[in-house]
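Worksheet: the structure to be examined is printed underneath.
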Amino acid sequence: MNQIELTLPDGSIRSVASGTTGLEVASSISSGLAKKALAIKLNEQILDLKRPLKENGTFKIITPSNEDPDALFVLRHSCAHVLAEAVCDLFPGTKLAYGPAIDKGFYYDLMSPKPILLEDLSKIEKRMKEIIKENKAFNRLEFSAEEGLARVQNDKYKLDNANRALARDDSDGVLSFYVTGEENKNWEDLCAGPHIPSTGKIKAFKLMSIAGAYWHGDQSSDQLTRIYGTCFADKEGLDNHLHLLAEAEKRDHRKIGKELGLYHIEDHSPGMVFWHPKGTIMVNALKQYIREKISRLGYDEVITPELVDKSLWIQSGHSDKYDENMFKTNAGDREMAVKPMNCPCHIEIFNQGLKSWRDLPLRFSEFGKCHRYEPAGTMHGLMRVRGFVQDDGHIFCTEEQIATEVSDFCNLVKEIYSEFGFNDILVKLSTRPEKRVGSDSLWDKAEKALEEATQLAKLDYELNPGEGAFYGPKLEFVLKDSLGRDWQCGTIQVDFNMPERLGAEYVGKDNQKHTPVMLHRAVVGSIERFLGILIEEFMGDFPLWLAPVQARLLPISEKFVDYAKEVQNQLIQNGIRAELDDSNEKLGYKIRQCELQKIPFLLVVGEKEIQQNQVSVRQRKHGDKGSMSVSDFINLTASDRKIFR
RNA sequence: GCCAAAGUAGCUCAACUGGUAGAGCAGCUGAUUUGUAAUCAGCCGGUUGUAGGUUCGAGUCCUAUCUUUGGCUCCA
């Protein structure tokens, strides 16, 4: 009989007969382990305990743990099955579509004959608990393609799943089903597995929410009901997760933005931000920060119109590809559109005057205000809006210059992001789509330049094959919000198309006219979105240069208001954003207000301070810094107040 | 856009099956003159998102509409 060799996590090697099950291996180690085991992992594949092992490799027995992603994966996937079974029990006629484990839990997409409402979740949870209590075994059934397909032939979604599974490269022509209990008697589901031995192994789960989801994520396809849940190895893990969610809620930029009075959004202009004075300070500080960074890198700032005649959008191609995303307007007999992007306008500036190869690379930057008609259901606070300011820029260069320009840009992104504390940035490289313009050799060159640039900047990237724009490949720099949701911020896109469409040309060394390549690039992307990310990242405790209020004067009593006013004025004259609390309140109350507003420096003044011509400094999160003269305070904060250091 | 939920005072939230819309904070006024996270008292504050409808009676039920929230594959 064939022997196979299993390398255990401690490095020891165990030789067992081929066909031995994971459960048998576990039992041979200890009966306790066999009892605890959920599944095994052989090389990169997680398998049921009862599956026969047939190859050599690294081997581990998966036991319940909140720290082991493999353990959570099987538990969650099995929990999704229990969810599906419960729904099928309670909503007879339900068709199941797809129920994977995901990052922080699981979901199941299904089509029920009557709508499942939020209030049904507790009923479903109750039924799930019963199924778990029954401790039903997950039994794997395997069928040939033919038999398997016959089993799901009346089920649109599962039939589709089965066909796609069979079409996959790694398909062995077998379709597996899992039945909780006995074949042809109990509930079953087409499923690749793996699963835990029995439902009783699920110790802690919770259904979280209910949502609509399209079959295959396709808008034109069926609208399914998605039930989200989460599951952990034990109650502690679940409670911990729920606690983290509650904590994340406190960081929500919409909540903090309101509390700190930064901005609001009105019902009559959905997706457009009204920046209040304090938010405006932040917008301007961020703009100035970027301005100072890039002005040193050879960018020339420009300002272009927000309203542009339709003819330009026809010429640029936006009317073709982007029409439904544009706001239109007309005055007199002219039809105009509010710009959704700044690129055509920058080309218009490029086109003024004859350009030589000596002018390249030419870098234009603009804090351009753009409007895009985003679908109603996609708006989200500052993160996804319809009106926003981009820290936009376009680099006109030759093909040879693409590589260094992209590389310089990646370094800039890395530098700026790390100054805000973002060090593990997700970078996505989107390569040539099927429908595209430009020669293959040009695409080769551009894709290679993007890839090399990320390596030079030591940024890991994720490949998005075929997801590039039709006009060129792109890099996207993605940041996460407090709930771990991805938001694209920075980007650089190579464009072989638009300069030509809009007639951009330069005279080359050969005295011939050439079309430049254009790089669209933005470091933070949208000022709105980036500030949203920053609010959540800092939880409102901004670096001093970005903080809307840097200091607040707190007179101990009304008697000291005049002195406080004097000090406030002195600070303002020195460029410090200082407020005065002249309310008739006790010091403790005033301090509390400052803490809630997350003001970095509190300056207490009373009898003592007046006599010594000082202020008593209390720094947020650091406490009492003692008394000092006003000029000492100005010096103390000078470097942290500087936008560019 | 689609599915599910929500919209009540400036803010956070109450109001059992339809029966006079309340509280805390904020604001205003007064008292107090305060030393490092909430001093006390009084007062003001609402066409319950909007428009219709059912009813003796609607915050509550119905219809429409606007907005917000969660989501709309991490591919059996």
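Here is how names work: the chains are called A, B, and so on, in the same order as the sequence lines, proteins then strands, and each is numbered from 1.
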Exercise. Could you tell me whether the side chain of A:Arg386 and the main chain of A:Glu374 form a donor-acceptor pair under 3.5 Å?
Key: yes

Quiz item: What nucleic acid atoms does A:Val605 come within less than 4.0 Å of, heavy atoms only: base, sugar-phosphate, or nothing?
Solution: nothing

Practice problem: When you get a sec, tell me which of B:A38, B:A76, B:G70 is the closest nucleotide to the side chain of A:Ser209? | Solution: B:G70

Self-check item: Side chain of A:Tyr589 - closest among B:A76, B:A37, B:A26
Solution: B:A26

Exercise. Have a look at A:Gly377 and say if it touches a base, only the backbone sugar-phosphate, or nothing, with a 4.0 Å heavy-atom cut-off.
Key: base

Practice problem: Examine distances only and state if a side-chain atom of A:Glu462 and a backbone atom of A:Lys428 form a donor-acceptor pair shorter than 3.5 Å. | Solution: no

Quiz item: Taking the side chain of A:Leu587 as heavy atoms from C-beta outward, which of B:A76, B:G35, B:C3 is closest to it?
Solution: B:G35

Quiz item: Ignoring hydrogens and geometry, is there a side-chain-to-backbone donor-acceptor pair from A:Lys598 to A:Met539 under 3.5 Å?
Solution: yes

Quiz prompt | Nearest to side-chain heavy atoms of A:Glu585, which nucleotide of B:C75, B:U36, B:U39 | solution = B:U39

Quiz prompt | Identity of whatever pairs with B:A4 - Watson-Crick or G-U, under 3.5 angstrom | solution = B:U69

Quiz item: What is the nucleic acid contact for A:Leu117, judged by heavy atoms within less than 4.0 Å: base, sugar-phosphate only, or nothing?
Solution: sugar-phosphate

Practice problem: Look at the side-chain N and O atoms of A:Tyr98 and state whether any lies under 4.0 Å from the OP1 or OP2 oxygen of B:C74. | Solution: no

Quiz prompt | A:Val604, A:Ile556, A:Leu602 screened by side-chain contact (heavy atoms from CB on, under 4.5 Å) with A:Ser616, the one that passes | solution = A:Val604

Quiz item: Counting any heavy atom closer than 4.0 Å, what does A:Arg226 reach on the DNA or RNA strands: base, sugar-phosphate only, or nothing?
Solution: sugar-phosphate

Self-check item: Whole-Å P distance, B:C11 and B:U54
Solution: 33 Å

Self-check item: Minimum-distance nucleotide (side-chain atoms of A:Arg168 versus B:C72, B:A76, B:G35)
Solution: B:A76

Quiz item: Which nucleotide, B:U36, B:U67, B:C72, lies nearest any side-chain atom of A:Thr378?
Solution: B:C72

Quiz item: For atom P, what is the distance between B:G59 and B:C16, given to the nearest Å?
Solution: 12 Å

